[in-house]
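Here's the structure we're looking at; comments come further down.
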Amino acid sequence: MSGSFFECIDAGSENCPCYLSETNDCMTCTRLKGLGYCDCKWVGVCIYNEFMWNNKSAKNPRLDIDVEIVSKKMFGDQVMVLVLQTNKYLSQRFKYPGTYVFIRHSEDIEMYNVPMSIMYVDTIKDQIHIAVKVISAKTKRLLEAKTKLKLRGPYRNGILGLKHIENAVEGNMLVLSRSMGVAPAIKLVKYYNSKSSIDFVADINRLECNFIEPYLNDTKANVHYMNFKDSQDLDLIKSMVNKKDYDAIVIFTSDKYITIFDELLKSINYKKDYAVINNFNMCCGEGICGACSYMTENGKVIKMCKCQMKGKEVVKRRPIHV
């Protein structure tokens, strides 16, 4: 990936080294890749040293825990908002943009795990809010849950291009979201609410009800409801970008609309990078199963549950969806 921005989202965290270190598949440490020499260019705490001190095993692996369902509310026939009780340790780690968890019915086996973005974190009550679109077997089982769920997390790579956002704090930010992409967008808006001037654009035309409005009441974001299928609304977004020259643009949509907005930004000669939601298929979240693996142009296989990548690189490496 010459010239590409690439790093493991878990590197240096409390979950590093992870399971990949045990099989010489670490994405950062050359020694834990089985190469036998140190050339990782990592500037944090030595991952190899942490591995050796931890008896040559993964450190602090994420475990399934039982969480209480505080409330469950339906918005129309398909969207359910769950409020789950966690603990102080987890709520502090769930508050960052891009954080997601795996949840399932407490009586189900692990294959029912479904990755879900966190929409809102109440760090006072240690509760998290998750918006679920009930579609098929896994989410229907979540709908049937009465008192408890199994939860595993936190996982951090729900947004690709996090450095781009962090480097633009205290500037102007444009957040584009569509359908259920509004849920992780809400958390980003609330996290940067006091630091950045945010224009939040939401296309909720495919949803039966507006479930996000209560979460925006205490923010200073400029909220715009649009239809991304409407050429006039796309022209309005163009004029917003031209007028404000945003320091950060974050796109929470399907790959199809990420591609559309990439073309839109090119058409007005927007030179900066942008961040996007991570739409790669997630199954284990640990880099083991291979469901999210992607082969780069030079034949390198990377695991998108852990790999950070620039927004523009995501568009280049994703097929165009119609």
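Computed from heavy atoms alone, side chains included, the values below leave out hydrogens, waters and symmetry copies.
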How far does SG of Cys307 sit from CG of Leu160, to the nearest 0.5 angstrom?
7.5 Å
One pair to check against salt bridge (Lys or Arg N to Asp or Glu O under 4.0 Å): Lys150 and Asp64. What are the steps and the verdict?
CA-CA 6 Å; Lys150 290 284 187 184; Asp64 288 335; over 6 Å; no
Looking just at side-chain N and O atoms, do Gln127 and Tyr120 make a donor-acceptor pair shorter than 3.5 Å?
no
To the nearest 0.5 Å, how far apart are OG in Ser293 and CD1 in Ile288?
11.5 Å
Tell me yes or no: between the side chains of Thr23 and Asp25, is some donor less than 3.5 Å from an acceptor?
yes
So does Arg156 pair up with Glu14, basic N to acidic O under 4.0 Å?
yes
Kindly indicate whether the side chain of Ser177, heavy atoms from C-beta on, has any atom under 4.5 Å from the side chain of Phe200.
yes
What do the steps show when you test Arg93 against Thr99 for side-chain contact (heavy atoms from CB on, under 4.5 Å), and what is the final call?
CA-CA 8 Å; Arg93 283 154 181 78; Thr99 307; over 6 Å; no
Working to the nearest 0.5 Å, report the span between OG of Ser106 and CG of Leu151.
12.0 Å
Pair Val132, Met116 - check side-chain contact (heavy atoms from CB on, under 4.5 Å), show working.
CA-CA 7 Å; Val132 181; Met116 297 300 306; 3.7 Å; yes
Working to the nearest 0.5 Å, report the span between OG of Ser197 and NZ of Lys220.
7.0 Å
Nearest 0.5 Å, please: how far is CD1 in Ile128 from OG1 in Thr123?
13.0 Å
Does the side chain of Tyr246 come under 3.5 Å of the side chain of Asp199 through a donor N or O and an acceptor N or O?
yes
Could you list the residues that satisfy side-chain contact (heavy atoms from CB on, under 4.5 Å) with Ala58, not counting sequence neighbours?
Tyr19, Glu22
Which residue is it: Leu63, Val101, Ile65, Asn113? I am looking for the one with a side chain to side chain contact (heavy atoms under 4.5 Å, CB included) to Arg152.
Asn113
Is Arg62 paired with Glu286 through a side-chain N to carboxylate O contact shorter than 4.0 Å?
yes
Of the non-hydrogen atoms in Lys271 and Lys312, which two are nearest, and what is the gap between them?
O-NZ, 3.0 Å
Between Phe211 and Phe75, how do the two ring planes meet: parallel, tilted or perpendicular, split at 30° and 60°?
tilted
Side chains of Gln85 and Asp126: donor-acceptor distance under 3.5 Å anywhere?
no
Using side-chain contact (heavy atoms from CB on, under 4.5 Å), reason through Tyr270 and Asn242 one step at a time and then give a plain yes or no.
CA-CA 8 Å; Tyr270 182 81; Asn242 278 325; over 6 Å; no
Would you call the rings of Phe228 and Tyr257 parallel, tilted or perpendicular if under 30° counts as parallel and over 60° as perpendicular?
tilted
Is there a side-chain contact between Leu207 and Met180 in this structure, where contact means two heavy atoms from C-beta onward sitting under 4.5 Å apart?
yes
Check the side chains of Asn210 and Tyr225 for a donor-acceptor pair under 3.5 angstrom, ignoring hydrogens and angles.
yes
Heavy-atom closest contact (Thr30 atom, Asp39 atom, distance)
OG1-N, 2.9 Å
Working note: Lys306 + Cys18, criterion side-chain contact (heavy atoms from CB on, under 4.5 Å); need CA distance, chi angles, decisive distance, verdict.
CA-CA 11 Å; Lys306 289 178 173 286; Cys18 69; 3.6 Å; yes
By the definition side chain to side chain contact (heavy atoms under 4.5 Å, CB included), identify the one residue from Val314, Val250, Val315, Ile165 that meets it with Tyr274.
Val315
Salt-bridge contact Asp66-Lys148 (side-chain N to carboxylate O under 4.0 Å)
no
Got a salt bridge between Asp108 and Lys138, using NZ or NE/NH1/NH2 to carboxylate O under 4.0 Å?
no
